[in-house]
Amino acid sequence: MATTGSTPFAPGEHPAVRALVAEAVEAANATVSRPARVRAFRVLPGEFTVEAGTLTPTLKLRRRAVAERYATEIEELYG
């Protein structure tokens, strides 16, 4: 866990990480039509891996597993 001053952050919650992701999202949004733009995002803790069940052995995303595992976060973004 990283810290800023005395406040601990998980890596995905660190302001510098969020700023980098926001910058990348803004750059990507500049290349797509308005309806296709990312309006909200969340940096999830951890990685998608085969061992965690979020990737297939050929490294394809297991959408159902991700949707089930992160249902709360998805609901917060779209609910």
Legend entry - For A40, side-chain contact (heavy atoms from CB on, under 4.5 Å) partners two or more places apart: L77
Could you list the donor-acceptor pairs under 3.5 angstrom formed between side-chain atoms of residues 55-65 and any protein atom two or more places apart in sequence or on another chain?
from	atom 1	to	atom 2	distance (Å)
T56	OG1	T58	N	3.3
T56	OG1	T58	OG1	3.1
T56	OG1	L59	N	3.4
T56	OG1	K60	N	3.0
R62	NE	L55	O	3.3

Inset, instruction - Establish whether V66 and V43 are linked, either directly or via other cluster members, by ILVMFWY side-chain heavy-atom contacts under 4.5 Å. - result: no
Legend entry - Residues forming a side-chain contact (heavy atoms from CB on, under 4.5 Å) with A52, sequence neighbours excluded: T49, T54, R69
Inset, instruction - Sorted by first residue and then second, give each salt bridge (Lys or Arg N to Asp or Glu O under 4.0 Å) pair with at least one member in residues 14-27; sequence neighbours left out. - result: none
Legend entry - Backbone N/O of R37 and side chain of N29: donor-acceptor pair under 3.5 Å: no
Inset, instruction - Treat each ILVMFWY residue as a node, draw an edge where side-chain heavy atoms are under 4.5 Å apart, and state whether V25 and I74 are in one component. - result: no
Inset, instruction - Answer yes if Y70 and V21 sit in the same cluster of Ile, Leu, Val, Met, Phe, Trp and Tyr residues linked by side chain heavy atoms under 4.5 Å apart, and no otherwise. - result: no
Legend entry - Counterpart residues, side chain to side chain donor-acceptor pair (under 3.5 Å), relative to R42 (two or more places apart): E76
